[in-house]
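Comments concern the structure below.
Residue numbers begin at 1 in each chain, while the letters A, B, ... track the order of the sequences. The figures here come from the full heavy-atom set of this structure, side chains too, leaving out hydrogens, waters and symmetry mates.
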Amino acid sequence: MSAVPAAPSSRPGSARPDKPPPPPFVLWGSLGLVGLTLVLGWDWEYGIGFSLRDIYDNLGRYNPVLEGVRNLDWSTLASPTVLAGFAETFQMAAIATILGGIVALPLALLNSVTGAPNTFVYVAVKNFNSFIRAIPDLIYAVFFVAAIGRGALPGVLALFFLSIAVIAKLTSDIVDGIDQGPVESARASGASHTQMVKTAVLPQILPGYTSFALYTFEINLRGSAVLGFVGAGGIGEVFNNYYQRGWYDRLVAVVIGFFVVVFIVDRISIAVRKRLL
Amino acid sequence: MARTSTGGMTDAQAQQRSEDIVRPEKPFNRFRWTVTITLLVLFFVTSATVDIELSQLAALPERTLFYLGLMYTPPDVTEAPSAITAMIESLGMAWIGTMIGAVVSFPLAFLAATNLFGKPVVFAARQILNFFRSVPEIVFLILLLPVTGLSPVTVALALGISSIGTLGKLGAEVIEGIEGGPVEAAAAAGGGRLQRIRWAVIPQVIPEIVALWLYRFEINIRNSAVAGAVGAGGIGTLLVRQIGQVREWAAAGTSLAIMVIITLLVDTISGRVRRRIIRGPTRAVDLGANAGEQPEGTGPGAGPKREGPTGSVGGGSFVPV
């Protein structure tokens with residue numbers, strides 16, 4: 001009974017082995033996480049000065065939003081401006097999603113090794129998509145408002161680019177993950193690149209693509225809330241108007257109305273997307 | 001008249017017949033047709049009714065090129081330092097926002113996972129997450145402004161609150177994808193629910209959840225532009241001022257370029273780190289994992305993988321449903 005030692009431990013009498021030190025990646029990664037938070041959160045030249053204490057101290061200040069919540073003005077939801085704002089938001093989101101969806105499909109196909117005819121096109125389109133994605137919708141909106149004037153058109157354009165960014169990104173990811181079998185058999189039977197994409201790639205990605213387009217409609221509805229602040233139409237114009245005047249009783253009512261609308265659309269969209277996939 | 005042996009038909013007839021036999025009739029896809037027609041109708045109705053003047057649309061290409069010309073012939077590089085400072089502020093809002101979202105969403109993700117909690121808890125947690133997901137950043141921002149004022153901190157808070165929904169939902173999906181073995185082992189050793197979560201669930205999900213944070217950080221960098229709507233700092237505010245208010249086009253050209261470059265740079269770094277987190281070290285020869293594709297669940301820190309590249313955080317993508 002003398003052959004096997006009780007436990008491979010450095011400490012005699014201890015049954016539990018020593019805990020191994022964390023791998024360098026985990027160690028440095030955690031330090032980086034904490035370090036970045038401190039550097040960017042601290043109150044100095046390059047930090048935003050985040051302080052829970054400040055927030056806590058400010059909670060007791062007079063708060064017009066809470067005042068607005070107490071005297072909600074529901075009647076404002078039925079006013080023509082608000083209804084027109086909601087209608088415009090829907091119109092903008094619908095047009096932008098449909099146009100963006102049409103443009104995004106080829107961009108998504110060319111953004112993948114399988115879908116692109118050659119490496120040059122693949123790299124070019126990939127970079128183009130990243131570029132489109134790097135500019136936020138609000139910046140598109142402010143540019144087009146400055147270029148062609150206020151209204152729904154700059155808003156549609158901003159959401160159009162947002163839609164391209166979202167749909168192309170998500171769809172190209174499923175193009176990368178498709179079953180390569182049909183692609184191979186299309187090539188083996190002598191299909192041209194276009195024929196291959198049409199018969200072997202498209203049928204595999206269409207359900208996902210349609211689902212993403214619907215999802216983008218939800219994103220566009222939500223996105224339209226901010227565009228009005230720079231004059232690009234939609235319900236955001238109403239938000240901005242009430243916010244500038246400090247009419248929080250109406251603002252909060254419209255915000256709640258907006259939330260309900262978005263929530264209902266989300267539910268419908270999710271139900272349809274479940275059916276699709 | 002070439003006659004074939006098949007019952008006196010011409011070649012053309014024979015081919016036609018063979019096609020009729022070999023190729024089945026294309027099924028009529030009612031769902032696809034409904035979708036297509038609905039979309040067409042929707043598009044034409046909305047386009048016809050929306051308040052867009054045709055003159056605006058006609059002027060679009062020319063005006064766009066004109067102002068792009070003002071921005072980049074040449075851009076005013078003397079404005080670069082202020083743009084970089086503003087961009088750092090944006091990164092700060094995005095990062096702090098992400099951390100706020102991470103901290104709050106972490107417990108919610110567990111509560112929303114069907115394999116850990118019962119139906120009522122999961123349902124309640126999911127509704128909370130849905131709420132945060134449905135409200136756009138700008139709404140949180142204007143509702144918070146009276147509390148913390150026009151400052152980057154307010155933007156960070158707004159970004160954080162709206163990150164809770166997505167982070168929690170995706171986190172819950174990660175948790176639902178774990179392997180049951182360790183949980184069973186912990187249960188067999190007498191671990192309660194909290195102990196099971198601490199020792200069997202968290203170690204499995206933490207890499208993917210941290211990767212989610214980084215992914216959300218990339219999104220929040222873009223979303224931090226929302227500050228520009230009210231003037232709460234960062235690159236968004238700078239660009240809205242330069243383009244929309246004072247119309248310093250050449251300076252705006254520089255700011256825009258800097259924003260795009262830094263955004264893409266951070267994306268690249270963050271994407272690499274995420275891939276490293278999910279896939280483990282590339283040269284993991286001693287662990288028997290090959291450099292390219294790893295089989296499921298191998299490699300240090302490799303969390304459970306959902307099927308295919310679509311679900312993988314390492315690939316930088318999610319399938320939202």
Using a cut-off of under 4.5 Å on heavy-atom pairs, state which of [options] scores highest against chain A.
options                                   : answer
Glu89(B), Met99(B), Met259(B)             : Met259(B)
Ile96(B), Val153(B), Ile243(B), Leu144(B) : Ile96(B)
Leu157(B), Asn223(B), Val273(B)           : Leu157(B)
Thr85(B), Val230(B), Leu91(B)             : Val230(B)
Gly92(B), Ser134(B), Ser55(B)             : Ser134(B)
Val226(B), Val135(B), Leu42(B), Thr49(B)  : Thr49(B)

Report which part of [X] has an atom under 4.5 Å of a heavy atom belonging to chain A: side chain, backbone, both, or neither.
X         : value
Phe66(B)  : neither
Thr263(B) : side chain
Ile261(B) : neither
Ile100(B) : side chain
Val139(B) : side chain
Thr154(B) : neither
Leu39(B)  : both

Between Arg133(B) and Glu218(A), is there a salt bridge with N-O shorter than 4.0 Å?
-> no
So does Asp267(B) pair up with Arg222(B), basic N to acidic O under 4.0 Å?
-> yes
Phe25(A) vs Ile277(B) side-chain heavy atoms within contact, under 4.5 Å = yes
Student check: side-chain heavy atoms of Tyr72(B) and Leu256(B) closer than 4.5 Å | yes
Measure the acute angle between the ring planes of Tyr242(A) and Trp247(A), then classify it against the limits of 30° and 60° as parallel, tilted or perpendicular.
-> tilted
Can you say whether the rings of Phe140(B) and Phe132(B) are parallel (under 30°), tilted (30 to 60°) or perpendicular (over 60°)?
-> tilted
Considering only heavy atoms and a distance below 4.5 Å, find which of [options] pairs most often with chain B.
options                                   : result
Phe90(A), Phe143(A), Tyr46(A)             : Phe143(A)
Thr37(A), Val230(A), Val262(A), Val156(A) : Thr37(A)
Leu36(A), Leu157(A), Val26(A)             : Leu36(A)
Val272(A), Val255(A), Val69(A), Leu40(A)  : Leu40(A)

Using distance alone, with no hydrogens and no angle criterion, decide if [X] and [Y] have a side-chain donor and acceptor under 3.5 Å apart.
X         : Y         : result
Thr98(B)  : Asn220(B) : yes
Arg30(B)  : Thr34(B)  : no
Asn130(B) : Arg126(B) : no

Under 4.5 Å from a heavy atom of chain B, the part of [X] involved:
X         : result
Arg133(A) : both
Phe50(A)  : both
Leu251(A) : side chain
Asp54(A)  : neither
Arg267(A) : side chain
Leu138(A) : side chain

Okay, side chain of [X], backbone of [Y]: is any donor-acceptor separation there less than 3.5 Å?
X         : Y         : value
Thr171(A) : Ala108(A) : no
Ser172(A) : Lys169(A) : yes
Glu137(B) : Ala227(B) : no

Mind checking whether Phe160(A) and Tyr140(A) have ring centres under 6.0 Å apart?
-> no
Ring centres under 6.0 angstrom apart (Phe263(A), Phe131(B)) = no
